[in-house]
Peer 1: 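The structure's right below; bear with me while I get my questions together.
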Amino acid sequence: MMLCETQPRTVIPDAIPITINSPVTLEKPSNEPDFFEKFIVEPGTRVKLNEIDPSYKGKYESEAQALPAVSALLQTIDTLHYVMHAEKKNSLLIVLQGMDAGGKDGVVRRIVTGVNPAGCRVIGFKQPTAEELKHDFLWRVHQHVPGKGEVVIFNRSHYEDVLVVRVHQLAPAHVYSKRYDTINNFEQLLMQENDTMVLKFLLHISKEEQLMRFKHRLEDPTRRWKVSESDYKEREYWDDYIKAFEDMLHRTSTRHAPWFVIPSNHKWFRDLAVSQIIMRTLEDLNMKIPAPAVDIARIRNRYHAAELKAKAS
Ligand code: AMP
Ligand code: MG
């Protein structure tokens with residue numbers, strides 16, 4: 001498992017006015033389709049991934065066209081995250097899953113550059129260590145969920161325990177098949193006990209697009225470090241992964257922890273859709289900047305006294 005935390009920086013979002021102690025109202029980009037509604041896996045439904053076009057790009061023709069919308073969304077997410085961090089009432093867990101080269105790292109980079117790292121952590125889940133394997137599959141996950149006021153991004157997650165584990169039969173069917181309900185209960189606990197909203201994104205690419213990305217990794221010296229033998233091995237199991245994804249979506253998309261299938265052949269469209277869904281979720285939390293915990297009038301008097309003293313000296 002890998003933990004990556006960037007250094008705190010101070011960002012006071014002064015571009016968008018925040019009214020003290022009242023809900024934050026932000027301008028929505030106009031004429032924007034609601035990707036939350038478009039890409040959500042309605043609880044209980046069964047999705048066929050081969051019926052979802054991974055090259056979908058809505059009304060956008062190019063990255064250049066989508067970029068202003070992505071920038072505006074990221075700025076709004078930063079503002080809302082600032083309020084979340086100040087209010088310390090809610091938290092957000094973002095789960096990223098997808099095939100190798102599906103764009104999980106890319107989404108992480110996009111979102112993390114968009115928010116204040118002081119209230120954001122990224123956790124990557126790799127093959128479990130010997131110690132982790134001695135415990136239940138949620139043991140290594142639970143300790144990293146967000147605290148109040150925090151956003152945490154899981155790059156892979158507890159869902160590997162019903163994906164790679166199922167595809168490679170690392171556990172018997174009677175063990176992993178019970179995990180869907182266990183996961184639902186776990187995510188419900190996060191909401192019930194800690195007001196943690198969970199958003200889960202399946203980054204959906206085509207098999208051709210994956211091969212193209214593998215090729216870029218081989219050709220581009222700055223990307224060669226990503227090349228891995230196992231990517232090619234996992235590709236052989238493509239159809240098994242699709243089946244495992246479809247069951248995962250069917251069994252674990254819930255109201256408080258929905259799955260979204262994001263068309264991801266176009267990286268810029270993927271970033272647009274994911275950031276719009278995060279923005280809308282944060283907005284729906286109706287967060288407020290909390291009232292000051294101290295008597296501001298009294299502190300102001302102290303400030304004036306200090307100011308006078310500084311002038312006199
Ligand atoms: P990467 O994300 O490319 O760095 O690869 C991480 C690898 O760890 C992937 O091949 C995952 O399938 C694997 N992995 C993550 N979680 C688990 C798990 N619970 N059991 C087995 N393999 C896992
Ligand atoms: Mg990989």
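All ligand and atom numbering here is 1-based and tracks the order in the structure. In what follows, residues are counted from 1 in the order of the sequence shown.
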Peer 1: Do ligand 1 and Tyr241 have nitrogen or oxygen atoms that lie under 3.5 Å from each other?
Peer 2: no

Peer 1: Report, in ascending order of atom number, the atoms of ligand 1 lying under 4.0 Å from any heavy atom of Arg140.
Peer 2: 16 (N), 17 (C), 18 (C), 19 (N)

Peer 1: Could you check whether Asp105 and Asn155, counting side-chain N and O atoms only, form a donor-acceptor pair closer than 3.5 Å?
Peer 2: yes

Peer 1: Check ligand 1 against Pro128 and write out every atom of the ligand that is under 4.0 Å from a heavy-atom position of the residue.
Peer 2: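 Answer, ordered by atom number: 17 (C), 18 (C), 19 (N), 20 (N), 21 (C).
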
Peer 1: Between His266 and Glu209, do the side chains contain a donor N or O and an acceptor N or O under 3.5 Å apart?
Peer 2: no

Peer 1: Tell me which protein heavy atom sits closest to atom 12 (O) of ligand 1, plus the residue, atom name and distance to 0.1 Å.
Peer 2: Glu160 OE1, 3.0 Å

Peer 1: State whether Phe125 and Arg140 meet the cation-pi test: NZ (Lys) or CZ (Arg) under 6.0 Å from the six-membered ring centroid, and within 45° of the perpendicular axis.
Peer 2: no

Peer 1: Would you please classify the geometry between the Tyr241 ring and the His168 ring as parallel, tilted or perpendicular, with 30° and 60° separating the classes?
Peer 2: perpendicular

Peer 1: Under the criterion salt bridge (Lys or Arg N to Asp or Glu O under 4.0 Å), I'd like the reasoning laid out for Glu37 against Arg280: C-alpha separation, chi angles, the key distance, then a yes or no.
Peer 2: CA-CA 11 Å; Glu37 297 300 336; Arg280 176 177 151 181; 3.2 Å; yes

Peer 1: Considering distance alone, does some N or O of Ser157 sit under 3.5 Å from an N or O of ligand 1?
Peer 2: no

Peer 1: Does Glu132 come within less than 4.0 angstrom of ligand 1, counting non-hydrogen atoms of the residue?
Peer 2: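 It does not; every heavy atom stays at 4.0 Å or beyond.
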
Peer 1: Run through Arg217, Arg224, Arg223 and flag the one making a side-chain contact (heavy atoms from CB on, under 4.5 Å) with Asp220.
Peer 2: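 The passing option is Arg223.
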
Peer 1: Who's the nearest protein heavy-atom neighbour of atom 7 (C) of ligand 1, and how far?
Peer 2: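 For atom 7 (C) of ligand 1, the nearest protein heavy atom comes out as Gln127 OE1, 3.8 Å.
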
Peer 1: Please compare Lys126, Arg156, Lys226 and report which has the shortest non-hydrogen distance to atom 9 (C) of ligand 1.
Peer 2: Arg156

Peer 1: If hydrogens are left out, which of Asp161, Val164, Leu96, Leu163 has an atom nearest to atom 23 (C) of ligand 1, that is, the closest non-hydrogen atom?
Peer 2: Val164

Peer 1: Applying salt bridge (charged side-chain N to carboxylate O under 4.0 Å, His left out) between Asp100 and each of Lys233, Arg213, Arg156, report the one that passes.
Peer 2: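 So the option named by the test is Arg156.
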
